[in-house]
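Here the structure is laid out as structure tokens; the discussion comes afterwards.
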There are 2 protein chains.
Amino acid sequence: MEDVKDVYISPLPDSPYVKPFRLNYTQNGKKKNWDLLEVHDSVAIIVFNVTRRRMIFVKQFRPAIYFNSIQPDDRHKPIDTEKYPASLGIALEMCAGIIDKKLSIEEIAKEEVLEECGYDVRLEDLHKITSYRSGVGVQGSLQTFFYCEVTDDMKTEQGGGVDDEIIEVVEMTIPQIEQMINSPGPICSPPSCLFALMWFLHYKADKYRK
Amino acid sequence: MEDVKDVYISPLPDSPYVKPFRLNYTQNGKKKNWDLLEVHDSVAIIVFNVTRRRMIFVKQFRPAIYFNSIQPDDRHKPIDTEKYPASLGIALEMCAGIIDKKLSIEEIAKEEVLEECGYDVRLEDLHKITSYRSGVGVQGSLQTFFYCEVTDDMKTEQGGGVDDEIIEVVEMTIPQIEQMINSPGPICSPPSCLFALMWFLHYKADKYRK
């Protein structure tokens, strides 16, 4: 995963992934505008293995995090991967996926848990907790958050994603999660993952402490 | 705040706010690329008023959330604001701001608490909790999260932002926060706010329950 080289930026072509545009509006009689992106809604799933009392995460190289770890003066030339190793961009995340198929959000969540983490869960194992907006600046898509308990015997595949995805499945104990949350950072995770972990620590973890 | 009309989208001009580009790289010998944005790092502050035991939030109209609340078929024509009222885009957030000045992050956090919430806090009132990546997809900037307790006598200004900002200061009790977090959603807040609230509920709230 950490074998990353020949890194450089180039202008955005007509991209299927990032489609920026301007939203114009008049608020309280004043003309305003805001630049933003159209982004798919998504699901995110906390997967907790109750057999071994471990949280299941996925780890992958995230170009946006890697790029933002580079000093601004060094960003606009070929990136020195000795000075900036790929590990800077490897994020610890919840299992998640975008809603881009005509399936229910539970079915999409079930697919992601199998593809990314390797656990074959039933739809009724997925408990919807809540949903929220993924950001307030340039992307305001809806993310629905599920909690899912799994056991060792549900692990039918290796996980790690499909196609070109290079995803590593990682497990953490409850004390390891608490240690991460209480570290000064930078934590290489997004706030949705930290919200999910705090939700778990507050509402679920006591049941699984030894 | 909710008087919003004449809403329509247009192509992105050369924008000072949204600068998309492509990051090219070779991972495990395979050429890849990822489209992303350059975004400022930021600070976010939980402000808790210990005099009245209330959390201080800011509310504002967020175009990216509003746009994503609109059915896809209705997005690419002038928006019907009867069908889609502005309230869909009004987000409840922590006090926050981008790091775009040559000040320490504590000084920027202090400025934001005064401008947005109206509380004049000292630098030593700002307790850094941790920092994390604001997203994993198109923006991976660093957000540093502070906890700040305030008292009524620190409220020296009205708050509500500067210049064109239309920001409302909102207060919630601890039971109101718990009710929001435990609602099925959609919660019109970003995950950073929900992380901060769960952190507060787990590590701080007990001290302030009656």
Side-chain angles (χ1 to χ4, degrees), chain A residues 3-13 15 17-18 20-28 30 34-37 61-68 91 93 128 130-142 166 181 183-192 194-195 198-199 201-202, chain B residues 3-13 15 17-18 20-28 34-37 61-68 91 93 128 130-142 164 166 181 183-192 194-195 198-199 201-202:
Chain A
D3 170 18
V4 173
K5 53 194 170 189
D6 300 336
V7 187
Y8 62 96
I9 64 173
S10 59
L12 188 76
S15 166
Y17 308 107
V18 169
F21 59 91
R22 175 162 285 189
L23 188 77
N24 306 277
Y25 60 103
T26 300
Q27 187 178 20
N28 292 6
K30 183 157 186 174
W34 194 271
D35 298 332
L36 54 94
L37 302 181
F61 177 71
R62 290 298 198 172
I65 292 179
Y66 178 73
F67 179 79
N68 277 280
E93 303 171 42
K128 184 188 156 187
T130 191
S131 61
Y132 43 79
R133 293 292 161 183
S134 55
V136 296
V138 293
Q139 48 184 351
S141 58
L142 195 70
I166 301 174
I181 292 273
S183 79
I187 303 175
C188 199
S189 288
S192 54
L194 301 183
F195 163 54
M198 283 307 314
W199 179 89
L201 288 178
H202 194 64
Chain B
D3 171 17
V4 172
K5 54 194 170 188
D6 301 334
V7 187
Y8 62 97
I9 64 173
S10 58
L12 189 77
S15 165
Y17 308 109
V18 170
F21 59 91
R22 174 161 286 190
L23 188 77
N24 305 277
Y25 60 103
T26 300
Q27 186 179 20
N28 292 6
W34 193 271
D35 298 333
L36 54 95
L37 302 181
F61 178 71
R62 291 296 199 172
I65 292 180
Y66 178 74
F67 180 80
N68 277 281
E93 303 169 42
K128 183 187 156 187
T130 191
S131 61
Y132 43 79
R133 293 292 160 183
S134 55
V136 295
V138 292
Q139 47 184 352
S141 59
L142 194 70
D164 278 357
I166 301 174
I181 293 273
S183 79
I187 303 175
C188 199
S189 288
S192 54
L194 301 183
F195 164 54
M198 283 308 314
W199 179 91
L201 288 177
H202 194 65

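Below, chains carry the letters A, B, ... as their sequence lines are ordered, and counting in each starts from 1.
- Chain B forms more heavy-atom pairs under 4.5 Å with one residue of A:Asn24, A:Asp3, A:Asn28, A:Leu12 than with any other, namely A:Asn24.
- Within the 4.5 angstrom heavy-atom criterion, only backbone atoms of B:Ser189 (N, CA, C, O) approach chain A.
- Between chain B and the options A:Pro20, A:Pro11, A:Pro190, A:Ser131, the largest number of non-hydrogen pairs under 4.5 Å is found for A:Ser131.
- Counting all heavy atoms, side chain and backbone alike, A:Ile181 lies closest to B:Phe195 at CD1-CE1, 4.3 Å.
- Note that CG of B:Leu201 is 13.5 Å distant from CH2 of A:Trp199, once rounded to the nearest 0.5 Å.
- Contact count against chain A (heavy-atom pairs under 4.5 Å) is highest for B:Gly140 among B:Ser15, B:Gly140, B:Ser141.
- Per-residue heavy-atom pair counts under 4.5 Å with chain B were compared for A:Ala91, A:Pro184, A:Ser183, A:Ser192, and the maximum is reached by A:Pro184.
- Annotation: side chain of A:Arg62 is not in contact with side chain of B:Arg133 (no heavy-atom distance under 4.5 Å).
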Please evaluate residues B:Val7 and A:Leu23 with respect to the criterion side-chain contact (heavy atoms from CB on, under 4.5 Å), reporting the C-alpha separation (whole Å), side-chain torsions for both, the decisive distance (0.1 Å), and the verdict.
CA-CA 7 Å; B:Val7 187; A:Leu23 188 77; 3.9 Å; yes

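- The shortest heavy-atom contact between B:Asp35 and A:Tyr17 is OD2-CD1, 3.9 Å.
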Going through the distances and angles, do B:Phe61 and A:Trp34 end up as a side-chain contact (heavy atoms from CB on, under 4.5 Å)?
CA-CA 11 Å; B:Phe61 178 71; A:Trp34 194 271; over 6 Å; no

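- B:Pro191 and A:Ser134 get closest at one heavy-atom pair: CD-O, 3.6 Å.
- For B:Tyr25 and A:Tyr66, the distance between ring centers is not under 6.0 angstrom.
- The part of B:Lys128 that comes within reach of chain A is its side chain, from C-beta onward, which places non-hydrogen atoms under 4.5 angstrom from that chain.
- Between B:His202 and A:His202, the two ring planes are perpendicular [angle over 60°; tilted spans 30° to 60°].
- Heavy-atom pairs under 4.5 Å with chain B were tallied for A:Gly185, A:Gly135, A:Ala64, A:Pro13; the largest tally goes to A:Ala64.
- Counting all heavy atoms, side chain and backbone alike, A:Val18 lies closest to B:Leu36 at CG2-N, 4.4 Å.
- B:Gln139 contributes atom CD, which lies 8.5 Å from atom CG of A:Asn68 (distance to the nearest 0.5 angstrom).
- Residues B:Pro186 and A:Leu142 come closest through the heavy atom pair CB-CD1, 3.6 Å.
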Begin from the C-alpha positions of A:Val136 and B:Ile65 and carry the test side-chain contact (heavy atoms from CB on, under 4.5 Å) through to its verdict.
CA-CA 6 Å; A:Val136 296; B:Ile65 292 180; 3.9 Å; yes

